[in-house]
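Worksheet: one structure, shown below.
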Amino acid sequence: MANPDQKTISIDNAYKEIKNICINLQIDTCASNLEVKSLLKLIINEWEEKKERKTGFGFR
């Protein structure tokens, strides 16, 4: 992106979308905060593993 502010807007929008998804998940399934946090951690770990396999770098 040519405009650095555009990246900030995209990150803010992504945060809002993820937050709404988590809230809706809790409403629909009565999931606790801990369950949602655990799910998000699993997603992040999976994402990092895929990125690591794709790039071949395993920096943490």
Side-chain angles (χ1 to χ4, degrees):
M1 291 181 208
N3 184 350
D5 292 334
Q6 197 71 22
K7 187 173 185 180
T8 302
I9 291 169
S10 295
I11 291 170
D12 289 344
N13 288 341
Y15 173 80
K16 289 175 188 174
E17 289 288 325
I18 292 168
K19 184 177 176 183
N20 286 334
I21 290 168
C22 291
I23 289 169
N24 289 333
L25 174 66
Q26 285 189 296
I27 291 169
D28 294 344
T29 65
C30 297
S32 68
N33 286 344
L34 183 59
E35 290 170 318
V36 173
K37 286 179 185 179
S38 295
L39 177 61
L40 290 171
K41 285 181 183 180
L42 287 171
I43 292 168
I44 290 168
N45 288 339
E46 189 68 29
W47 188 2
E48 288 295 322
E49 286 177 17
K50 285 183 181 183
K51 188 168 79 171
E52 188 176 301
R53 279 181 275 177
K54 188 175 183 180
T55 62
F57 297 106
F59 301 116
R60 291 198 181 239

In residues 35-42, what donor-acceptor pairs under 3.5 Å come from side-chain atoms, sequence neighbours left out?
from: Glu35; atom 1: OE1; to: Ser32; atom 2: N; distance (Å): 2.7
from: Glu35; atom 1: OE1; to: Ser32; atom 2: OG; distance (Å): 3.4
from: Ser38; atom 1: OG; to: Leu34; atom 2: O; distance (Å): 3.0

### Task
Report the residues that fulfil side chain to side chain donor-acceptor pair (under 3.5 Å) with Asp28, sequence neighbours left out, ordered by chain and then residue number.
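Not a single residue meets the side chain to side chain donor-acceptor pair (under 3.5 Å) criterion with Asp28.
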Please tabulate, one pair per line, all N/O donor-acceptor pairs under 3.5 Å involving side-chain atoms of residues 15-22, not counting sequence neighbours.
from: Asn20; atom 1: ND2; to: Lys16; atom 2: O; distance (Å): 3.3

